[in-house]
Amino acid sequence: MTRSDAMVTHTGGCHCGRVRFEVTAPARLQVSDCNCSICSKSGYLHLVVPRSRFRIVSGEDWLTTYEFNTRTAKHLFCSVCGIKSFYVPRSYPEGYSVNARCLDEGTVEEMTVVATDGKNWEKTHAAGHGKPRD
Ligand SMILES: [Zn+2]
């Protein structure tokens with residue numbers, strides 16, 4: 001395992017600090033910038049991980065769920081500050097997509113942003129919001 005593949009525990013959360021989470025992922029991240037209706041409006045950067053690599057530390061009771069279209073995705077946002085720091089994505093409902101913009105400073109060595117065409121979901125859905133990195 002090279003240094004760039006090293007897994008670290010990143011922490012993060014919403015703006016007001018009520019919702020906090022931990023995610024295990026490489027120190028050098030590859031994240032997806034999706035152009036679908038909801039991601040483009042919020043500027044969400046996706047870090048998709050299996051459920052086993054994600055843990056809610058606090059604030060679960062503050063989360064509100066927003067659903068639309070197929071209702072597969074569970075858009076979870078803090079009911080106090082409105083920030084969606086992670087959610088259950090349509091492309092990978094067995095896991096979580098963490099908003100890379102909500103990670104704390106200090107553990108991310110590098111972040112590569114890859115564009116994802118979620119706007120044309122039906123055509124590109126094989127790519128989805130990006131597969132989890134192993
Ligand atoms: Zn909040």
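Ligands are counted one by one from 1 in listed order, and the atoms in each one are counted from 1 as well.
Checked by atom type and distance alone, the side chain of Ser58 pairs as donor or acceptor with a backbone atom of Arg18 at under 3.5 Å. Using a distance-only test at 3.5 Å, with no hydrogens or angles considered, a donor-acceptor pair links the side chain of Ser79 to the main chain of Trp62.
Within 6.0 Å of the CD atom in Glu67, the count of heavy atoms belonging to other residues, nucleotides or ligands exceeds 12. Heavy-atom contacts from other residues, nucleotides or ligands closer than 6.0 Å to CD of Glu105 number 12 or fewer.
Shown here are the protein N/O/S atoms lying under 2.8 Å from the Zn ion (ligand 1), water excluded: Cys14 SG, Cys16 SG, Cys78 SG, Cys81 SG.
With respect to Arg20 and Asp104, a salt bridge is recorded, a charged nitrogen being found less than 4.0 Å from a carboxylate O. Electrostatic pairing of Arg51 and Glu94 does not count as a salt bridge here, judged by no charged N lying under 4.0 Å from a carboxylate O.
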